[in-house]
Amino acid sequence: MTGHDALRTRPPEALTEEEAAAELAALAAEIAHHDRAYHEKDAPEVSDAEYDALVRRNQAIEGRFPELIRGDSPSRRVGSKPVEGFATVRHGVPMLSLGNVFDEAEFAEFCARIRRFLGLPAEEPLRFVGEPKIDGLSVNLLYEDGRFVRGATRGDGTTGEDITANLRTLRDLPDRLEGIAPRSIEIRGEVFMEKAEFLAFNAKQAALVEEQARRAAAGERIGERARVFANPRNAAAGSLRQLDPKITAGRPLKLFAYAMGAASEAPAATHWDWLGVLRGWSFAVNPLSRLLPDAEAAAAFQAEMTAERAGLGYDIDGVVYKLDRLDWQARLGFVGRAPRWAVAWKFPAEQATTTLLKIEIQVGRTGALTPRAVMQPVNVGGVMVQHATLHNEDEIARKDVRVGDTVVIQRAGDVIPQVVSVVPEKRPEDSAPFAFPETCPACGSHAVRPPGEVVRRCTGGLICPAQTVERLKHFVSRNAMDIEGLGEENIQKLYDEGLVRSPADIFRLSRHAERMRGWEGWGSRSKKGTEESRKVANLLAAIEARRRPPLDRFIFALGIRRIGEVNAKLLARHYHSFAEWREKMLAARVIGSEAREELGSIQGIGPTIAEALVEFFGEERNLAALDDLAGEAPPEPVAAPAAADGPFAGKTVVFTGSLETMTRDEAGDVAERLGAKVAKSVSKRTDFVVVGADAGSKATKAAELGVRVLTEAEWRGMAGLG
DNA sequence: GCACCTCGAGTTCA
DNA sequence: CTCGAGGTGC
């Protein structure tokens, strides 16, 4: 729905070069957007077929205009979503994530929760199966009538990529299940590379890279670039992503099977027996897995694995404990996306020590001053780390972090580095406590910290260059205006050159095309030639492609405090058009006015958020910038969600429990499009409660109040989802 | 008034 | 992903 549909219906041959460039830019942006919606937010906005149509359109145009293929073309991307080759696959049963515990007390709490839920006395032992948690790639293997028919990556848990051909090359994967097999069954496993194999393989890769470099220097053409991998996990992932199964076949990949997904019949009554069944079907099951009679045995097993960890042939980051009895598993169900009957007991995060070189203060788009540690680069768990957030003033004081200190760092939640503590013995004599600045490092304005709040904020607002640049970055970002090719660096450059000071300026950039072409790397043919000379044209095309933004994106892009994606959508849906919204916001500046009441009556908008909006509209310069922008890029009204009739029109619907075929958010979107109002909790004004797996009190309440309860299947039927 | 849930904002690295 | 804080229902 980007306004390019008219163009898209024309065959590529009928396009002028300029049109083609513009459409490729728009397609790249749109596909990237969907990739994100699909992967990161778990909320695809288009069907797979629509998505594929976009990709095919992109390929068709690229085929006709090969010289226009963009550096960021979706067809080149090797990132999250493979665009050629791999199809997407929906798992029969979602592939879940696991809750984590880090010590015996947390594990005991996990056990206590199970007992509470099942109503078991403390004496009743909980029998677990412990399985080393390998750091590899989860895959889902579908067998029908005993034959391997499809294999997929985990993906976002709901849908993954079809990598059947690659998986067939694994020696550990039986093509056929021996003996009695259910008509249809999904088997989950972990694909990984052993440490020794990884080192040998990576050495080969390194040699290959070197050789390619030599040949390139000699002017030879080289095809696919070889690469070295940072760790076994990445190597395994890279190997499974190969479009050519022959390459995968040459990689030393292993597979351990460990769980069952959707199955036409249950092949066992306990998890332990199930592992036995898998072995019988000649799957490799981790031989270290063990049946543990009670929680004490689990704790002992954890200690044992901690000791043995270093000596294992592969990397593990903890042990997974699963309640053995499948009937209990079924009763326990799920909280969110994680089962209540299993947990990952993680080893302590890998730590490293390094020196703190300095503490930088970053200024965010709302003026928040955030301290950031700059450290001597150090390897933590296979990744070089040199920055870590210090969160805020209090955090620095609490840990008494000082410049020059030797600090212990770790990567929390597998990714984000954090400073754990300082090593006081190694502190230089002349060190002083860090003095958090009380003025903005970018504009010198006062930075204030309201009582009771943690964040200190620059009061410079519109005059602060750092805030202005951050707001511009936010404006063009993916979920906002989504202007492809306008990243952080380019925005900074355009700001520094004085070409862009406000969002509206972006839409006037075409006036400065000549000047931009003169910049090094923008159009001046320095080294690489062709691609750079296209940069300005591509950028302008990408900007044009966004000249009619949907109102919700437009509102979000403004970067008003407390107005994120969700609240922006609420506002856009409620006020429908830009003019209406603008007028009502101005009127709402008067406390007690009708417009203010209306604003507060929107579900999800409370007094604080209303206040933030009113504050924005109370600033004359904001209003001027807003109108300037709306003149350049007038927002399109969002379609009114109301459907005049149908079973959900005008009804209030509550979704509860975890739905299998979609997330609650997705379901909510569908319901809204059908004219329903989606609420979070059940009251007597609720018309329908849609109950997913493991619904809790809301389902009970619905029954008490006599509200109509729908199963997921019934809901899908009524909503016309088939 | 309190507990729970959801949203916003900020952040790192390959 | 994680924290803080706002909104809403009990």
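Note on naming: letters A, B, ... go to the chains in the order of the sequence lines (proteins, then strands), and numbering restarts at 1 for each one. Both backbone and side-chain heavy atoms feed into the values below; hydrogens, waters and symmetry mates do not.
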Are any protein N/O atoms closer than 3.5 Å to N/O atoms in nucleotides 3-7 of chain C? If there are, list each pair with its distance.
from, atom 1, to, atom 2, distance (Å)
C:dG7, OP1, A:G606, N, 3.0
C:dG7, OP1, A:G606, O, 3.2
C:dG7, OP1, A:T608, N, 3.4
C:dG7, OP1, A:I609, N, 3.1
C:dG7, OP2, A:T608, OG1, 3.0

task = Mind calculating the distance between CD (A:E393) and C1' (B:dG10) to the nearest angstrom?
result = 17 Å

key: Residue list, salt bridge (Lys or Arg N to Asp or Glu O under 4.0 Å) with A:K399, at least two apart or on another chain   = A:E395

Check: A:Q386/A:Q376 side-chain N/O donor and acceptor closer than 3.5 Å = no

request  = In whole angstrom, give the distance that lies between atom NE2 of A:H474 and atom C1' of B:dG8.
outcome  = 10 Å

ask   = Could you give the CZ-to-P distance, from A:F556 to B:dC7, as a whole number of Å?
value = 13 Å

A:D482: salt bridge (Lys or Arg N to Asp or Glu O under 4.0 Å) partners, not counting sequence neighbours = A:R546

key: Listed partners of A:S445 passing side-chain contact (heavy atoms from CB on, under 4.5 Å), at least two apart   = A:C443, A:C458, A:T459, A:I463

request  = Grab the CG-C1' distance between A:N479 and B:dA9 for me, whole Å please.
outcome  = 13 Å

query = Can you check whether A:T366 has a side-chain N or O nearer than 4.0 Å to OP1 or OP2 of B:dG8?
reply = no

message = So, does A:Q362 get its side chain near the phosphate of B:dG10, meaning an N or O under 4.0 Å from OP1 or OP2?
response = no

message = Measuring from the side chain of A:A368 (C-beta onward, heavy atoms only), which nucleotide among B:dT12, B:dG10, B:dC7 has the closest atom?
response = B:dG10

message = Could you tell me how far apart A:R456 (CZ) and B:dG10 (P) are, to the nearest whole angstrom?
response = 16 Å

Length of the CD1-C1' vector between A:I409 and B:dT11, whole Å = 14 Å

query = What integer distance in Å separates A:R365:CZ from B:dG8:C1'?
reply = 8 Å

note = A:H574 meets the ring-ring contact (aromatic ring centres under 6.0 Å, His included) criterion, sequence neighbours left out, with none

ask   = What residues, two or more places apart in sequence or in another chain, satisfy ring-ring contact (aromatic ring centres under 6.0 Å, His included) together with A:F192?
value = A:F256, A:Y314

note = To the nearest angstrom, the CG-P distance between A:L558 and B:dG8 comes to 14 Å

ask   = What nucleotide, of B:dC7, B:dA9, B:dT12, holds the atom closest to the side chain of A:V566?
value = B:dC7

ask   = Do any side-chain nitrogens or oxygens of A:N234 fall under 4.0 Å of OP1 or OP2 in B:dA14?
value = no

message = Using a heavy-atom cut-off of 4.0 Å across all strands, would you classify A:Q386 as base, sugar-phosphate, or nothing?
response = sugar-phosphate

key: Residue pair A:F556 / A:I563, side-chain heavy-atom distance below 4.5 Å   = no

